[in-house]
There are 2 protein chains.
Amino acid sequence: MVRRTGAETREEIHAAATRLFRERGYSRTSVRDIAALAETNPALVIRHFGTKELLFLDTMHLTIDDEPLLNVPPAEFGPRFVARLLADDDIRGVYLALVRGSNEPQIKERLQAIHEHTFVGPLRARLTGPDADLRARLAAAVIGGLLYALWVVSDEQLVATAPETLITHYGALLQQLITPPTPTS
Amino acid sequence: MVRRTGAETREEIHAAATRLFRERGYSRTSVRDIAALAETNPALVIRHFGTKELLFLDTMHLTIDDEPLLNVPPAEFGPRFVARLLADDDIRGVYLALVRGSNEPQIKERLQAIHEHTFVGPLRARLTGPDADLRARLAAAVIGGLLYALWVVSDEQLVATAPETLITHYGALLQQLITPPTPTS
DNA sequence: GTCTATATGTGGATAGAC
DNA sequence: GTCTATCCACATATAGAC
């Protein structure tokens with residue numbers, strides 16, 4: 001085996017952990033597994049990251065790049081946002097691992113934070129009208145529902161549905177929530 | 001300690017398991033914990049139910065009583081369905097435990113089954129018009145999203161929102177999905 | 001049917017030589 | 001920084017006396 005520097009080893013461990021946690025989740029990934037994939041040993045994993053949970057949290061970050069969405073006309077935001085979420089493989093892995101690990105208080109906290117700034121935030125920014133805060137949170141719930149049905153439940157029919165169809169239908173639904181309700185009188 | 005019959009012991013174990021699994025989830029509940037709460041020992045737990053996973057599955061049943069919903073006017077189904085879900089504490093416990101345990105293939109299967117007959121089924125029965133199947137599944141995803149936001153993420157603002165408000169807003173949203181879309185021409 | 005004692009495995013984390 | 005060897009806690013599950 002080639003001799004590596006400390007920083008290199010650290011990165012190997014981080015990369016291995018990222019992959020395994022996303023593929024198998026927190027509880028089904030052991031420190032030993034991570035060490036093996038990184039071609040090192042459990043002691044180094046702990047030395048570099050302290051605990052398994054700290055390492056996990058270190059791999060569970062999402063930086064949604066909001067830029068491509070900034071230029072989208074408000075009327076098309078719904079479908080575009082859905083399309084963005086479905087296309088991103090990172091989101092899927094992180095989302096799944098966090099949901100399934102959310103028994104652990106720290107992991108649940110991270111899930112809340114990501115839900116807040118990845119879903120609620122962008123939606124809230126496009127919302128006006130009465131009850132904007134509440135409506136943003138309900139819209140975020142709707143978004144969560146799609147990811148939940150596709151990735152947690154793996155509703156076979158939905159999984160087999162063409163992405164464009166999902167984007168059209170679900171995007172339209174989301175769009176309705178964003179567009180301020182027209183007063184009835 | 002009072003001497004019990006085998007059937008009684010079995011029931012005590014089942015009751016203890018039901019409670020603990022719903023409160024703490026699968027991975028954080030040990031066979032020892034269950035035995036202790038049932039005032040017996042781990043050996044009997046296994047003797048009666050085979051494995052921890054089989055016992056878990058045995059406690060994870062939902063029989064949604066569809067009857068109260070049968071007489072609801074179609075136009076009010078959305079809010080009533082949401083109200084029904086939020087009011088039922090059983091659903092919350094089962095849903096949470098299944099979602100968090102869905103790393104295990106068998107548990108995921110059970111989640112799929114319950115999603116199918118508790119959410120998709122009733123919705124599909126009320127749907128007509130084009131793409132009824134797909135729309136039922138999307139509506140089920142929307143429902144899942146509410147439970148997800150409330151119980152998995154525990155969005156604090158949503159949790160603090162009066163149930164009637166959630167029922168009104170989210171119920172209306174669901175209702176839109178059920179009501180067949182009016183042709184635009 | 002019931003229980004004590006234990007087999008057996010796996011996990012995270014650490015000690016200490018190099 | 002790295003690695004071997006190991007500690008220790010805890011899990012599920014079983015053996016076998018009663």
Who passes side-chain contact (heavy atoms from CB on, under 4.5 Å) against B/Gln106, sequence neighbours left out?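 Listed in chain order: B/Glu53, B/Leu57.
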Tell me, please, which residues at least two apart from A/Ala97 pass side-chain contact (heavy atoms from CB on, under 4.5 Å).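 For A/Ala97 the side-chain contact (heavy atoms from CB on, under 4.5 Å) partners, ignoring immediate neighbours, are A/Phe56, A/Met60.
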Quick test of your reading: applying ring pair (Phe, Tyr, Trp, His ring centres under 6.0 Å), list the pairs with at least one residue in residues 67-90 of chain A, sequence neighbours left out, ordered by first then second residue.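 For residues 67-90 of chain A, and leaving out neighbouring residues, the ring pair (Phe, Tyr, Trp, His ring centres under 6.0 Å) pairs sorted by first residue read A/Phe77-A/Phe81.
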Salt bridge (Lys or Arg N to Asp or Glu O under 4.0 Å) against B/Asp133, all qualifying residues, sequence neighbours excluded: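 B/Asp133 satisfies salt bridge (Lys or Arg N to Asp or Glu O under 4.0 Å) with B/Arg124 only.
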Which whole-number value in Å describes the distance from [X] [atom1] to [N] [atom2]?
X	N	atom1	atom2	value
A/Arg24	C/dT10	CZ	P	14 Å
B/Ile13	C/dG1	CD1	C1'	11 Å
B/His48	C/dT2	NE2	C1'	9 Å
A/Asp33	C/dG11	CG	P	7 Å
B/Asn41	D/dA13	CG	P	15 Å
A/Arg10	D/dG1	CZ	P	10 Å
A/Glu12	D/dT2	CD	C1'	15 Å

Distance-only criterion, 3.5 Å: show the donor-acceptor pairs between side-chain atoms of residues 148-155 of chain B and protein atoms not counting sequence neighbours.
from: B/Ser154; atom 1: OG; to: A/Lys108; atom 2: NZ; distance (Å): 3.0
from: B/Asp155; atom 1: OD1; to: A/Arg137; atom 2: NH1; distance (Å): 3.1
from: B/Asp155; atom 1: OD1; to: B/Gln157; atom 2: N; distance (Å): 3.0
from: B/Asp155; atom 1: OD1; to: B/Leu158; atom 2: N; distance (Å): 3.2
from: B/Asp155; atom 1: OD2; to: A/Arg137; atom 2: NH1; distance (Å): 2.9

Pairs touching residues 70-82 of chain B that satisfy side-chain hydrogen bond (donor to acceptor under 3.5 Å, both in side chains), sequence neighbours left out: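 Applying side-chain hydrogen bond (donor to acceptor under 3.5 Å, both in side chains) to every pair that reaches into residues 70-82 of chain B, excluding sequence neighbours, yields nothing.
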Going by the side-chain hydrogen bond (donor to acceptor under 3.5 Å, both in side chains) test, which pairs reach into residues 17-29 of chain B, not counting sequence neighbours?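 Non-adjacent pairs meeting side-chain hydrogen bond (donor to acceptor under 3.5 Å, both in side chains): A/Glu104-B/Arg28, B/Arg19-B/Glu23, B/Arg22-B/Asp90, B/Arg24-B/Asp33.
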Please confirm whether the shortest side-chain N or O distance from A/Thr9 to OP1 or OP2 of D/dG1 is below 4.0 Å.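 No, outside the criterion.
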A/Thr40 side chain N/O closer than 4.0 Å to the phosphate oxygens (OP1, OP2) of D/dT2?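 So the side chain of A/Thr40 is outside the cut-off, no N or O lying under 4.0 Å from OP1 or OP2 of D/dT2.
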What's the angle between the local helix axes at either end of the helix from C/dG1-D/dC18 to C/dC18-D/dG1, using five pairs per end and rounding to 10 degrees?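 Here the helix ends are tilted 10° relative to one another.
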Linked, directly or transitively: A/Val120 and A/Tyr170 (ILVMFWY side chains, under 4.5 Å):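 In one cluster with A/Val120: A/Tyr170, no.
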Calculate, to the nearest 0.5 Å, the distance between atoms CD1 and CG belonging to B/Ile46 and B/Leu55 respectively.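 These two atoms lie 8.0 Å from each other.
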Going 5' to 3' along nucleotides 12-18 of chain C, which nucleotides have protein heavy atoms under 4.0 Å from the base (write B), which only from the sugar-phosphate (write S), and which from neither (write -)? BSBB---
